[in-house]
There are 2 protein chains.
Amino acid sequence: MSAAPAGPEDIDRILAALADPTRRRMVDMLRDGPMRAGELAAAFDISGPAVSRHLRVLRENALIEEEEEGDDRRLRVYRLRAAPFADLQAWLEEVAAFWTAQLSAFKKHAEGKSRKGKGAKRK
Amino acid sequence: MSAAPAGPEDIDRILAALADPTRRRMVDMLRDGPMRAGELAAAFDISGPAVSRHLRVLRENALIEEEEEGDDRRLRVYRLRAAPFADLQAWLEEVAAFWTAQLSAFKKHAEGKSRKGKGAKRK
DNA sequence: AGGATATTTAACCTAAAAGCTAATATTTAA
DNA sequence: TTAAATATTAGCTTTTAGGTTAAATATCCT
């Protein structure tokens, strides 16, 4: 199993996979449920092969996976995988911690209302 | 102010800015507090101009901003901005909602699904 | 001021990414 | 099985992103 805590290079791969607008839109579409390549392709103005290539990138970076069997008999649908998104969320949580730290520093700083020299700031 | 709900193209810009490993590392570094370009540059094996360019991308996409005044007299430090990360978190929340939907669908569908292991079909 | 340091801009180069058309599997249906 | 459709791989072209060095600009320190 992949119980590993998602190293930095994992995050990089996830971000790289999501960085393309077409691929990000595909992810949005897949939120409505698993789809076939053709269904996804219909939503874009690019060629079939281009769609296939984007799906390949998403698949190779484990953001999506092929479903073996669909409910109504149609095979090879793509579905979102949870892990990468959870990993990215975890990283964002860490980054967000910055502002809580920032906030406490500001609170401490605001009490003294310390006088720091310059008067004219504000751009 | 920017009270807009962060459209898809905003998310695309944020993701594009974060997609480069160097820039993502810079963000990680800036979690420890605002820094000067030089401090950041020291952590990478690339040239100063390359660092400057990455900072420019982060700045143009509003992930960081220049600080006007530092505590100890040093100007032009870069600091993280909260909004883009919050926007990205919000988008991820939406995506994550997929699995809760998935889960309820699965629960409803839960029993018969054991029909998968066919024999030699793969080449 | 004037020089040393730090940072950004300019011009150029290379490599990778995304697109297309055509060809090659695959799958579904007759 | 053949035929139609669906989807992926192959080969090629164009665009874009990241890197470099050299020059310009801004900042800091006597």
Side-chain angles (χ1 to χ4, degrees), chain A residues 9 12-27 29-30 34-61 63-79 117-118 120-121 123, chain B residues 9 12-27 29-30 34-61 63-79 116 118-123:
Chain A
E9 62 287 337
D12 284 338
R13 287 166 51 111
I14 295 164
L15 286 168
L18 289 174
D20 181 273
T22 299
R23 288 195 292 268
R24 213 225 60 256
R25 255 184 83 193
M26 284 176 168
V27 168
M29 289 180 69
L30 288 173
M35 286 187 192
R36 283 194 286 178
E39 294 181 79
L40 288 159
F44 300 94
D45 272 350
I46 60 181
S47 65
V51 170
S52 188
R53 201 172 232 301
H54 282 302
L55 286 172
R56 184 173 151 86
V57 172
L58 290 171
R59 189 169 6 109
E60 286 178 343
N61 290 293
L63 273 70
I64 62 174
E65 65 188 349
E66 264 190 358
E67 178 73 8
E68 301 289 318
E69 182 181 10
D71 269 60
D72 59 338
R73 192 88 182 92
R74 43 188 202 181
L75 308 200
R76 296 177 72 194
V77 296
Y78 286 106
R79 88 162 24 163
K118 313 236 328 183
K121 31 202 240 179
K123 171 162 174 244
Chain B
E9 60 288 339
D12 284 338
R13 287 166 49 114
I14 295 164
L15 286 169
L18 290 173
D20 181 272
T22 299
R23 287 195 293 268
R24 213 224 59 256
R25 254 183 84 191
M26 285 175 167
V27 167
M29 289 179 70
L30 288 173
M35 285 187 192
R36 284 193 286 178
E39 295 181 77
L40 288 159
F44 300 95
D45 272 349
I46 60 181
S47 65
V51 170
S52 186
R53 202 162 174 47
H54 281 302
L55 287 172
R56 184 172 151 84
V57 172
L58 289 172
R59 188 168 7 109
E60 286 179 341
N61 290 293
L63 273 70
I64 63 175
E65 65 188 349
E66 263 189 359
E67 180 72 9
E68 302 288 318
E69 179 183 12
D71 269 59
D72 59 338
R73 192 91 182 91
R74 45 189 201 179
L75 309 200
R76 296 178 72 194
V77 296
Y78 287 106
R79 88 162 24 162
K116 197 170 109 176
K118 291 264 303 197
K121 188 152 173 213
R122 214 65 192 89
K123 194 172 356 175

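Proteins get letters first, then strands, A, B, ... in listed order; numbering begins at 1 in each.
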Backbone of B:Leu63 reached by a side-chain donor or acceptor of B:Asn61 within 3.5 Å: no
D:dT13 pairs with, by Watson-Crick or G-U criteria that keep both distances under 3.5 Å: C:dA18
Return the value, rounded to whole Å, for the distance between atom CZ of A:Arg56 and atom P of D:dA10. 8 Å
Atom CD of A:Glu60 to atom C1' of D:dT8: distance rounded to whole Å? 12 Å
Between CG of A:Leu58 and C1' of C:dA17 the distance, given in whole Å, is 14 Å
Does a side-chain N or O of A:Tyr78 approach OP1 or OP2 of D:dT8 to a distance below 4.0 Å, or not? yes
Closer than 4.0 angstrom, basic N to acidic O: yes or no for A:Arg56 and A:Glu60? yes
Non-hydrogen side-chain atoms of B:Leu18 and B:Arg23 separated by less than 4.5 Å: no
Regarding B:Phe44, tell me which of base, sugar-phosphate or nothing describes its non-hydrogen contacts under 4.0 Å with the strands shown. nothing
Residues in side-chain hydrogen bond (donor to acceptor under 3.5 Å, both in side chains) with A:Arg59, at least two apart? none
Any strand counts, and the cut-off is 3.5 Å on both contacts for Watson-Crick or G-U wobble. Which nucleotide pairs with C:dA29? D:dT2
Just the rounded figure in Å: distance from C1' of D:dT8 to CZ of A:Arg36. 15 Å
Spacing of A:Leu55 atom CG relative to D:dT6 atom P, expressed in whole Å: 16 Å
Rounded to whole Å, how long is the line connecting atom CZ of B:Arg76 with atom C1' of C:dT8? 7 Å
So which protein N/O to nucleotides 13-20 of chain D N/O distances come out below 3.5 Å?
residue	atom	partner	partner atom	Å
D:dG18	OP1	B:Asp20	OD2	3.3
D:dG18	OP1	B:Arg23	NH2	3.1
D:dG18	OP2	B:Arg23	NH1	3.3
D:dG19	OP2	B:His54	NE2	2.5
D:dT20	OP2	B:Ser47	N	2.8
D:dT20	OP2	B:Ser47	OG	2.6

Side chains of B:Glu67 and B:Arg76: closer than 4.5 Å at any heavy-atom pair? no
Donor-acceptor pair, distance only, cut-off 3.5 Å: does the side chain of B:Arg25 make one with the backbone of B:Ala43? yes
